Amino acid sequence: MQLDNPVIPGFYPDPSICRVGADYYLVTSSFEYFPGVPVFHSRDLLHWQQIGYCLTRTSQLPLERCRASGGIYAPTIRFHDGRFYMVTTNTTGGGHFYVYTDDPAGEWSEPIWVDIGHRGIDPSLLFDDDGQIYWTCNGRGIIQCTIDIATGQRTSEVRQISLGTGGAWAEAPHLYKIGNLYYLLLAEGGTGLGHMVTCLRSDSPWGPFEPCPHNPILSHRSTDLPIQATGHADLIQAENGSWWLVFLGIRPVGEFPMTHHLGRETNLAPVQWDADGWPVVGDQGLVPQGLAFDPLPLHPWPAAPVRDEFDAPQLALCWNHLRNPRSGSWSLAERPGYLRLHGSALTLSDVDAPAFVGRRQQHMHCRAACQLDLTPTNDHDEAGLTVFMNDRHHYEIAVRRAGGQRCIIARRQIGSLRSVVAIRELPTGPVSLSITADPAQYTLAYAVAGHEPQPLATGETRYLSTEVAGGFTGVFLAMYATGNGHPAEAPADFDWFAYEPLA
């Protein structure tokens, strides 16, 4: 069989994985989006379905005015003695903590905070055979202590155990005990095109650590492979004894300099062990598209529905809010069968929590569409569909009123440049809005009852890319509402939303 990465497409970076019997569970970073830390389940490592979130309450995940690409960085998931643990860092809301549960699809505990006396990110846990629990993270180099898992209190001093292998920004440490040796997996080189995975080992969890002679064990730097910036990995042994690596990567597009806008995605590689006991990832440290491998018994999941009719009592798991949603900003109950948004004075350009319900763009070629019922009674109420990277980089197609006439507008914001680039009058009644994506551009269109969709404007994907917009996230396709500096008077009712891959 040939490997087709990414296995979880779209903005799902920093993957971490654990196994319970024949079941595999994976978590990823979520930054300023709520709920936080999505949880995925697989039986074959190739097919994943989301089953929940680790952080579903504001008490677990305070994101008030969290900066773009702040919030939750790099979680680790581990299973020990019948319980799941997820450790992470809220970089703008409290620091290191962990939560736990007996059911990864259910509710997770309130945070247990861990004070290691250092700033840092990327915490990980190792439950050793002798009962010691090691907390390893990035700080001044790679630092480590032992903790009491019941309280989060340190039970040892914090010690520096590694500075990496010479690459910049040694981070994302995971410590494993394999046989009688302790293996330390790191990300180095930064999360751009120089990203790489390195490996070290020792006969003590405290080191000194010997580097693998063929480091980096994974890197696509200085190659023309379609997946780049490979790094931030986690290692897992399958039930049948085989070994695998999950790692992040990007899919850049365009001509020089290439850009990426879908974010850092979750990928998979098979792992072998050489005669000296060092891991060999993929094809000698490369994971080309179409790599031949022996899969686990395949276990695909039912395909997600293309269309959400908003007739369930809760939002589907694909949906996120921008930071902690304000009370009353959205409802599935006020108008049954609709998602109702109540716009506030906040806009998409504010570092705050506007009325926003969005999902990740996961495919280069796709179409997102919705049907909106909005009758503005003033010139500041507005609602529509946005393709959103951050508060300074987004495009939208929206309904609002201008000069007393209901209109459809297209707007682009690129940094400090913000402009309505198209406007047309609209008749009364619901309107369908759509955003169609290809690798180079977005096409914003609308349709009224009895008419074919009409293109309104286009916008380049490049200006919503990490290389232009900055940060660590990927684009969302979202429904939103705003009063543009005033509380919105009219509710925005969305009858349905559809997301469809096109290629």
Side-chain angles (χ1 to χ4, degrees), residues 10-11 32-35 304-312 314-326 328-344 346-350 352-362 366-376 381-391 394-400 408-413 426 429-437 442-448 453 456 459 464 474-484 488 490-500:
F11 158 52
E32 68 265 36
Y33 291 95
F34 184 90
V306 168
R307 190 151 143 160
D308 191 334
E309 301 286 354
F310 301 123
D311 52 7
Q314 301 292 330
L315 286 172
L317 291 174
C318 64
W319 296 112
N320 282 158
H321 305 283
L322 187 57
R323 306 177 182 89
N324 303 121
R326 297 202 168 192
S329 65
W330 67 277
S331 173
L332 291 170
E334 289 182 16
R335 185 177 178 183
Y338 287 76
L339 170 65
R340 171 166 285 184
L341 297 184
H342 290 283
S344 69
L346 299 170
T347 73
L348 296 173
S349 301
D350 291 314
D352 213 313
F356 175 107
V357 176
R359 58 154 295 151
R360 291 156 173 83
Q361 181 184 342
Q362 295 184 271
C366 65
R367 181 174 182 267
C370 64
Q371 183 163 290
L372 169 62
D373 186 3
L374 173 68
T375 304
D381 283 9
E382 173 187 321
L385 189 61
T386 180
V387 53
F388 183 89
M389 180 53 129
N390 57 39
D391 52 280
H394 48 90
Y395 307 148
E396 46 263 9
I397 181 168
V399 174
R400 64 179 305 173
I408 187 84
I409 67 164
R411 182 193 297 114
R412 294 200 297 253
Q413 177 162 351
L426 269 184
V431 58
S432 296
L433 310 175
S434 66
I435 298 176
T436 302
Y442 295 101
T443 299
L444 285 63
Y446 72 102
V448 295
L456 186 62
L464 302 186
V475 294
F476 271 69
L477 297 159
M479 299 160 286
Y480 77 97
T482 177
N484 286 297
D493 290 331
F494 294 86
D495 188 13
W496 51 262
F497 180 100
Y499 176 89
E500 182 178 14

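Just so you know, residue 1 is the first one in the sequence shown, and it goes up from there. Quick caveat: nothing in here was measured; it's all calculated off a predicted structure. FYI, side chains are in, hydrogens and waters are out, and symmetry mates aren't considered; it's all heavy atoms of this structure.
In this structure, CG on Leu433 lies 10.5 Å from OH on Tyr446, to the nearest 0.5 angstrom. Once rounded to the nearest 0.5 Å, the distance linking CG of Leu341 with CZ of Phe356 reads 10.5 Å. A distance of 14.0 Å separates NE2 in His321 from CZ in Arg326, rounded to the nearest 0.5 Å. Atom CG of Leu456 and atom CD1 of Ile397 lie 5.0 Å apart (nearest 0.5 Å). Separation of atoms OH (Tyr442) and CG (Leu464) is listed at 5.5 Å; rounding is to 0.5 Å. Note that CE of Met479 is 10.5 Å distant from CZ of Arg359, once rounded to the nearest 0.5 Å.
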**OP:** Please assess Phe494 against Trp330 for the test side-chain contact (heavy atoms from CB on, under 4.5 Å), listing each intermediate value before the final yes or no.
**Re:** CA-CA 11 Å; Phe494 294 86; Trp330 67 277; over 6 Å; no

Original post:
Going through the checks in order, is the side-chain contact (heavy atoms from CB on, under 4.5 Å) test met by Asp495 and Asp373?
Top reply: CA-CA 8 Å; Asp495 188 13; Asp373 186 3; over 6 Å; no

Subject >> Working for side-chain contact (heavy atoms from CB on, under 4.5 Å), residues Phe476 and His394 >> reply: CA-CA 9 Å; Phe476 271 69; His394 48 90; over 6 Å; no

Subject >> Trace of the side-chain contact (heavy atoms from CB on, under 4.5 Å) decision for Leu372 with Asp493 >> reply: CA-CA 6 Å; Leu372 169 62; Asp493 290 331; 5.8 Å; no

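Ion pairing between Arg411 and Glu396 holds under the 4.0 Å rule for side-chain N and carboxylate O.
Taking all atoms of both residues into account, the shortest heavy-atom contact from Pro453 to Ala447 is CA-CB, 3.7 Å. The minimum heavy-atom distance linking Gly358 with Ala478 is given by the pair CA-CB, 3.4 Å. Gln413 approaches Asp391 most closely through the heavy-atom pair NE2-O, 3.6 Å. Of all non-hydrogen atoms in Ala333 and Ser331, the two that sit nearest each other are N-OG, 3.0 Å. Taking all atoms of both residues into account, the shortest heavy-atom contact from Val387 to Ile435 is N-CD1, 3.8 Å.
Of the possible polar contacts, one joining the Tyr499 side chain to the Gln362 backbone as a donor-acceptor pair under 3.5 Å is found. Under a 3.5 Å cut-off, the side chain of Ser434 and the backbone N or O of Ala368 do not form any donor-acceptor pair. Panel note: side chain Ser432, backbone Gln371; no donor-acceptor pair is recorded below 3.5 Å. Between the Asp381 side chain and the Ala490 main chain, a donor and an acceptor come within less than 3.5 Å of each other.
Listed by chain and residue number, Asp308, Cys318, Trp319 satisfy the side-chain contact (heavy atoms from CB on, under 4.5 Å) test with Ala316 (two or more places apart in sequence, or in another chain). Shown here are the ring-ring contact (aromatic ring centres under 6.0 Å, His included) partners of His342, two or more places apart in sequence or in another chain: there are none. Looking at residues two or more places apart in sequence or on another chain, you find a salt bridge (charged side-chain N to carboxylate O under 4.0 Å, His left out) between Glu309 and Arg307.
In this structure, the side chains of Glu334 and Pro491 stay at 4.5 Å or more apart for every pair of heavy atoms. Annotation: side chain of Leu426 is in contact with side chain of Val448 (closest heavy-atom distance under 4.5 Å). Looking only at side-chain heavy atoms (C-beta outward), Tyr395 and Thr386 stay at 4.5 Å or farther from each other.
Proximity of the aromatic rings of Tyr480 and Phe388 is defined here by a centroid distance below 6.0 angstrom, and this criterion is not met.
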